[in-house]
Each structure stands twice: as structure tokens, then as C-alpha cells.
There are 2 protein chains.
Amino acid sequence: MLKQETLSKNQKIILDYIEKVNEPTKAYSILHNVQKKGIKAPLQVYRALDRLVEIGKIHKIESRNAFVACKNSSCQLSKATAFSICESCEEVSEISDNKLSKYLKSFQDKAGMKFKKYNLEFFGLCKKCSIK
Amino acid sequence: MLKQETLSKNQKIILDYIEKVNEPTKAYSILHNVQKKGIKAPLQVYRALDRLVEIGKIHKIESRNAFVACKNSSCQLSKATAFSICESCEEVSEISDNKLSKYLKSFQDKAGMKFKKYNLEFFGLCKKCSIK
DNA sequence: TATTTAATGTTATATTATTACATAGTGTTA
DNA sequence: TAACACTATGTAATAATATAACATTAAATA
Ligand SMILES: [Zn+2]
Ligand SMILES: [Zn+2]
Ligand SMILES: [Zn+2]
Ligand SMILES: [Zn+2]
């Protein structure tokens, strides 16, 4: 049985906002920007974020404590994510590379640990920032 | 010219503690445990942590906001890190796999971004937790 | 309907991290 | 030595991120 696909009111409001801004967004910035829609407390934001991450609609950029909408048809429910992050302008893009994801999904730990998920973050300078 | 190798007093105290506990440790837990050594404020801990990360003596586990000592001869100064994390017991180990690091170091982004650093975190169940 | 599961609302609080400013040590060089 | 730069330190206050606890409501399902 699949996880529910229909979003609740708060979940919709928050996903809409994240998709609209189209760049990494932080929880409290989301909160400030959706207060006019009736969302008043951090917890309402964090609960929606948790759920949206769980169903793969958004991802958390761990090194930045920020959230982005998934650009990659929901990444098999958030199990395999990779991002490039510009250390100058903080632009983030989701990497969609079949070879890379195959390689990582099948990566076998020496200690025999079985992996269910991974998150990879690359850091560097984006094209714009590297010519500056 | 290489970054300075000699650690300051606070840096030594904090690195010693992290190496001793030998598991992911959080900043405020470090603070509580080194107060008897004269470290009184969060900032003293965070400053030392920043420096130790910079010189590759420790790494930050981004998804856990925790720090571990490097097990891998300093990871070329923190530029290329990979960890496995057990979602049940929270055990973390640093992955040392030549093929993996070669593959990731040479990974070429489609947008032409040049990477200088990466961090990879795998999640799953460790051996102990998977037989439970 | 009765039950249970998911979502919401609200207040308070915990946890993680930084700003700002003052001071002290260390090495370099004029 | 004096002036300077640089690194590290000390301290207080506060910002930013995230969760606990508890009450209520809505939706799903048996
Ligand atoms: Zn995705
Ligand atoms: Zn950039
Ligand atoms: Zn290392
Ligand atoms: Zn485990």
C-alpha cells in the first residue's frame, strides 16, 4: 500500500511556497511567508516539512538546514538524493545522474551494512561564480 | 604552505575529548564534558570545532549535527567524506573506500560545476541492529 | 456508529549556533 | 624595542533551528 498522495491543507500551503521560491528555503523563512495563510507556529511548518520529506516532495539540504522542492519525480520517496551547492552564491541544484545513483544504490559497505538511503552533497563554485 | 599543525589549548582539549568518546558527539555535550578543563562557553567549543573540521581532524555529520574524529588520516583536509549511519543505534563509521572516493572526486556535473568537496551519508541498519 | 488514525492548534521549551566586543598572546618587521 | 598583524581567548547576549506536551478536530475504516 502506497503512502497517501493527497496533501493536507498545511502541507499544500507549505509545498506551494517551497515550489514557488525555487531555491533552498529555511523553516522560519517559510513560517514568516505563510503566516498570511493562517500558519502561526513553527510546529505547523516542521510537521508539514517532515511529511513532505517523507513522501519525497521536498528534500532537506542537511549542510544548510534548508529545504528544496524535488526536481526529480520524487526521488523514490527521498531515499537517494544528491545535490550540488555553490559555496559562493549558495545556489543548489538537484543532481539527476543515472550512473551516479546506480553506483551509490549498489554500494556495498565493507562492514556488511545494508543501506536503505543516502544523501550526497557536492560543494564548489557554480559557473557564474567561477568566472567572477 | 600547509595550514598550521600545532593545536591551541582549547583545540587540543576538544579534540582529545572527541577522540576519547569515539562516537558522534554534539557541541553542547562536548561543552558539558570539558567544563572541568576550563571551557565555559559554547563559542569556545564552536571555534575549536570549526578549526578542527578545517584541518581535517574531525568531521561533522551533517544529518545529526554531531562531530566525529577522522579515522582516515585526515581526509585530505575534510574535502572528501563518506559515512554510514545506523538509523537504529545511531552508530556512525567513516567509509574508507578508494574506488568510491575516486569516483566521487572525478564526478563531473552536467552544468559544468567544478567541485572541491563532497560529503556523503549512507543510512541503514548496522549488522547488530539488522539481526534484532 | 464506534473506533482509530492523521492532522491541527497552541504554548512553552530545548537545542544548535552566531554576533559583538574586549583582551591577551605570538610572531614579524621597521 | 615599538608597531603591526595575526591568531586565539573570554564573556555576555541573542539568534536560529527544532521538539515536547497536551488539547482538539477531521478523515478514514470497520
Ligand atoms: Zn528529488
Ligand atoms: Zn554560485
Ligand atoms: Zn576523515
Ligand atoms: Zn545499529
Side-chain angles (χ1 to χ4, degrees), chain A residues 1-18 21 23-68 77 87 90 92 119 121, chain B residues 1-18 21 23-55 57-68 87 90 92 119 121:
Chain A
M1 187 143 126
L2 281 173
K3 293 260 170 73
Q4 118 186 9
E5 282 303 306
T6 64
L7 300 176
S8 76
K9 196 187 96 211
N10 289 358
Q11 289 159 12
K12 262 191 222 104
I13 290 169
I14 284 163
L15 178 58
D16 283 353
Y17 178 72
I18 294 173
V21 297
E23 62 181 16
T25 316
K26 295 178 158 241
Y28 277 73
S29 158
I30 295 169
L31 177 57
H32 295 136
N33 282 284
V34 297
Q35 279 184 331
K36 51 202 159 207
K37 304 250 179 186
I39 287 175
K40 289 172 190 158
L43 197 46
Q44 293 172 289
V45 174
Y46 281 105
R47 284 199 280 227
L49 290 173
D50 283 352
R51 189 84 179 95
L52 292 168
V53 166
E54 207 179 302
I55 63 178
K57 293 291 188 187
I58 65 172
H59 303 302
K60 183 172 187 180
I61 310 299
E62 293 288 357
S63 65
R64 299 297 186 263
N65 298 319
F67 300 85
V68 291
L77 308 182
E87 289 184 304
E90 294 293 322
V92 167
N119 179 56
E121 299 180 5
Chain B
M1 185 144 127
L2 281 173
K3 291 257 171 74
Q4 117 185 12
E5 283 302 308
T6 65
L7 300 177
S8 76
K9 196 188 96 208
N10 288 359
Q11 289 158 13
K12 262 191 221 103
I13 290 169
I14 284 162
L15 177 59
D16 282 353
Y17 178 73
I18 296 173
V21 298
E23 62 182 16
T25 316
K26 295 177 157 242
Y28 277 75
S29 157
I30 296 169
L31 177 57
H32 295 137
N33 283 285
V34 296
Q35 279 184 332
K36 49 203 161 209
K37 304 251 179 186
I39 286 176
K40 289 172 188 159
L43 194 47
Q44 294 172 289
V45 174
Y46 280 105
R47 284 199 280 224
L49 290 173
D50 283 352
R51 189 84 180 96
L52 292 168
V53 166
E54 207 180 302
I55 64 178
K57 293 290 187 188
I58 65 172
H59 303 304
K60 183 172 188 182
I61 310 298
E62 293 288 358
S63 65
R64 300 297 187 262
N65 298 319
F67 300 84
V68 291
E87 289 183 304
E90 293 292 324
V92 167
N119 178 56
E121 299 180 4

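Computed from a predicted model, the values in this text were never measured in an experiment.
Here B/N119 contributes atom CG and B/I61 contributes atom CD1; the two are 7.0 Å apart, rounded to the nearest 0.5 Å. Separation of atoms CZ (A/F67) and NZ (A/K26) is listed at 9.5 Å; rounding is to 0.5 Å. Put simply, CD on A/Q11 and CG on A/D16 are 11.5 Å apart, with the number rounded to the nearest 0.5 Å.
Nucleotide D/dA27 holds its C1' atom 15 Å from the CG atom of A/L7, rounded to whole Å. For the pair A/R51 CZ and C/dA6 P, the interatomic distance rounds to 8 Å; values are reported in whole Å. The distance from atom CD of B/Q44 to atom P of C/dT18 is 16 Å, rounded to the nearest whole Å. At whole-Å resolution of the value, CG in A/L43 and P in C/dT8 are 11 Å apart. As a whole-Å value, the separation of A/Y46 OH from C/dT10 C1' is 17 Å. For the pair A/K9 NZ and C/dG9 C1', the interatomic distance rounds to 10 Å; values are reported in whole Å. The NZ-P distance, from A/K26 to C/dT16, rounds to 15 Å in whole Å. The CG atom of B/D50 sits 11 Å away from the P atom of C/dT19 (whole-angstrom rounding).
Qualifying side-chain contact (heavy atoms from CB on, under 4.5 Å) partners for A/L43, counting only residues two or more places apart in sequence or in other chains: A/R47. Under the salt bridge (charged side-chain N to carboxylate O under 4.0 Å, His left out) criterion, A/E90 pairs with A/R64, not counting sequence neighbours. With sequence neighbours excluded, no residue forms a side chain to side chain donor-acceptor pair (under 3.5 Å) with A/E62. Legend: residues meeting side chain to side chain donor-acceptor pair (under 3.5 Å) with B/Q44, ordered by chain and number and at least two apart, are absent.
With contacts defined as side-chain heavy-atom distances shorter than 4.5 Å, the pair B/R51/B/E54 qualifies. A/K60 is listed as a side-chain neighbour of A/N65, based on a closest heavy-atom distance under 4.5 Å. Side-chain contact between A/I55 and A/L7 is present, with heavy atoms from C-beta onward closer than 4.5 Å.
Residues of residues 34-42 of chain B having a heavy atom closer than 4.0 Å to DNA chain D, listed by number: B/K40, B/A41.
OP1 or OP2 of C/dA17 sits under 4.0 Å from a side-chain N or O of B/N65. One finds no side-chain N or O of A/S8 lying less than 4.0 angstrom from the OP1 or OP2 phosphate oxygen of C/dA6. When the side-chain nitrogen and oxygen atoms of A/K60 are compared with OP1 and OP2 of D/dA18, one or more of them lie within a distance under 4.0 Å.
In this structure, B/V21 and B/T25 approach most closely via the heavy-atom pair CG2-OG1, 3.0 Å.
Taking five base pairs at each end of the helix from C/dT1-D/dA30 to C/dA30-D/dT1, the local helix axes there meet at an angle of 30°, rounded to 10°.
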Would you list the atom pairs, donor with acceptor, under 3.5 Å between side chains in residues 27-36 of chain B and any protein atom, with sequence neighbours excluded?
from: B/H32; atom 1: ND1; to: B/Y28; atom 2: O; distance (Å): 3.0
from: B/N33; atom 1: ND2; to: B/Y17; atom 2: OH; distance (Å): 3.0
from: B/N33; atom 1: ND2; to: B/S29; atom 2: O; distance (Å): 2.7

What string of B, S and - do you get for nucleotides 22-27 of chain C, 5' to 3', if B is base contact, S is sugar-phosphate-only contact and - is no contact with any protein heavy atom under 4.0 Å?
------
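In the interface, the side chain of A/Y28 is not paired with the base of D/dA15 through any donor and acceptor atom under 3.5 Å apart.
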